[in-house]
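Only this structure's heavy atoms are used, side chains among them; waters, hydrogens and symmetry mates stay out.
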Amino acid sequence: MRGPQVGVAPRPEPRPHGDPDTGRTPREPDRPTEPGTLPGPRPALPGGDARPYDGTWSADPYARALRTGRGPLFLRRSDGWLLPLELERWCAAADAADLEVLRRCEGAVLDVGCGPGRLVAALGARGRRVLGIDVSEAAVARTVALGGQALRRSVFESLPGEGRWGTALLIDGNVGIGGDPRALLDRTAQLLRPEGLLIAETVTGPDLDERVQVHVTDARGAVGDPFPWARLGTPALLRHAARSGWVSVDQWTAGGRSFVALRRRTTKTTAEPPKSTAVTSSQRARNPSGDRPVARP
């Protein structure tokens, strides 16, 4: 889960720092990269001169909890209401519900708000082309440590392969990024190819459509900076999606969690459900605990 600001002017592109194997600094390309590839060698962690984001999710206590992989951790509203965050699940291996999501992915995958990187690692270990993005340096660190590819970047900033990603993921509540569902859906449409697939996780149960200011807090009372966030049930997401030109092609629940698959509405073809099996790559799957997964075109 991440919460970058919405409606701010784009800032200059950050550059990934030196590759951990070579010590060289990759150069940004003069033309867009293909989905699933990154400029230069595989990215290293951003260094100290990377520009600050909005403070969201990058300062303690979230960064501290990510480094240890342990909670408890909460989102707190201004009225004192607390939402427990499933940090231990995020830092564990992909579970059955996650694997059901990954089974439906098509083409190169962009994991928006990748967190500690379990989905990026699971896809990479299967030889899939995948990139995680997150505004948290600690999240990017864990993703890279698992062998995944990740950039410290907001979804609202310039990204590699815009308009050519096959699947975008908004899992673990990330449909709330920025506190403006319509803006996030519109931005996601820019990142996907015309027939691309968006898989989003929604709040199970009531028809919730909430936009609030929250901050991260832990059991010791440490707090992060406030940021805008949204929480959506499936009906609310479908309403926002319809207004932004998306159509629902599948809905399901797994492990007590709810998911929706969406495609952009087109006049040429009828929207099709996501494929029941993941696209097979010719690349040999690798174990994330051993060799680093790679993402090649």
Below 4.0 angstrom, N of the basic side chain to O of the carboxylate: do Asp180 and Arg211 qualify?
no
Using side chain to side chain donor-acceptor pair (under 3.5 Å) as the criterion, list what pairs up with Glu86, not counting sequence neighbours.
Arg89
Counting N and O atoms only, with roles assigned by atom type, does the side chain of Arg193 sit under 3.5 Å from a partner on the main chain of Gly163, one being a donor and the other an acceptor?
no
Indicate if Trp165 and Leu185 have the same hydrophobic cluster label, given that clusters are the connected sets of ILVMFWY residues with side-chain heavy-atom separations under 4.5 angstrom.
yes
Residues forming a salt bridge (charged side-chain N to carboxylate O under 4.0 Å, His left out) with Asp95, sequence neighbours excluded:
Arg257
Should Val223 and Leu66 be counted in the same cluster of Ile, Leu, Val, Met, Phe, Trp and Tyr side chains packed under 4.5 Å apart?
no
For Arg182 and Ser244, run side chain to side chain donor-acceptor pair (under 3.5 Å): C-alpha distance rounded to whole Å, both residues' side-chain angles, the deciding distance at 0.1 Å, then the answer.
CA-CA 7 Å; Arg182 290 283 300 278; Ser244 293; 2.9 Å; yes
Donor-acceptor under 3.5 Å (Arg164 side chain, Ala108 main chain)
no
Between Leu119 and Ala94 the two heavy atoms that sit nearest each other are CD2-CB, 4.5 Å
Salt bridge (Lys or Arg N to Asp or Glu O under 4.0 Å), that's the test. Do Arg152 and Asp134 meet it? Break it down for me.
CA-CA 5 Å; Arg152 186 186 178 196; Asp134 205 294; over 6 Å; no
Does a salt bridge link Arg77 with Glu210, judged by any charged N lying under 4.0 Å from a carboxylate O?
yes
Is Trp252 reachable from Leu102 through a run of hydrophobic residues whose side-chain heavy atoms are each under 4.5 Å from the next?
yes
Hydrophobic cluster membership, with links at side-chain heavy-atom distances under 4.5 Å among I/L/V/M/F/W/Y: are Phe74 and Leu87 in one?
no
Run the numbers on Ile133 and Val155 for side-chain contact (heavy atoms from CB on, under 4.5 Å), then give the verdict.
CA-CA 7 Å; Ile133 60 169; Val155 66; 4.0 Å; yes
Mind listing the closest non-hydrogen atom pair of Cys114 and Thr143 along with its distance?
SG-OG1, 3.7 Å
Side-chain ion pair, Asp98 and Arg118, N-O less than 4.0 Å:
yes
Under the criterion side-chain contact (heavy atoms from CB on, under 4.5 Å), I'd like the reasoning laid out for Val216 against Phe227: C-alpha separation, chi angles, the key distance, then a yes or no.
CA-CA 9 Å; Val216 180; Phe227 58 93; 4.1 Å; yes
Is a salt bridge present between Asp207 and Arg239, judged by a nitrogen-to-oxygen distance below 4.0 Å?
yes
Exam field: side chain Thr217 to backbone Ala222, donor-acceptor pair closer than 3.5 Å:
yes
Using only atom types and a distance under 3.5 Å, with no angle test, would you say the side chain of Asp218 pairs donor to acceptor with the backbone of Gly71?
no
Just by distance, no angles: are the side chains of Thr234 and Thr202 close enough, under 3.5 Å, to form a donor-acceptor pair?
yes
Is a side-chain N or O of Glu162 found less than 3.5 angstrom from the main chain of Leu159, in a donor-acceptor match?
yes
Donor-acceptor under 3.5 Å (Asn174 side chain, Gly113 main chain):
yes
Out of Leu232, Leu208, Leu83, Val175, which residue meets the side chain to side chain contact (heavy atoms under 4.5 Å, CB included) rule with Val203?
Leu208
Salt bridge (Lys or Arg N to Asp or Glu O under 4.0 Å) between Glu137 and Arg142, worked out
CA-CA 9 Å; Glu137 183 175 354; Arg142 283 195 69 118; over 6 Å; no
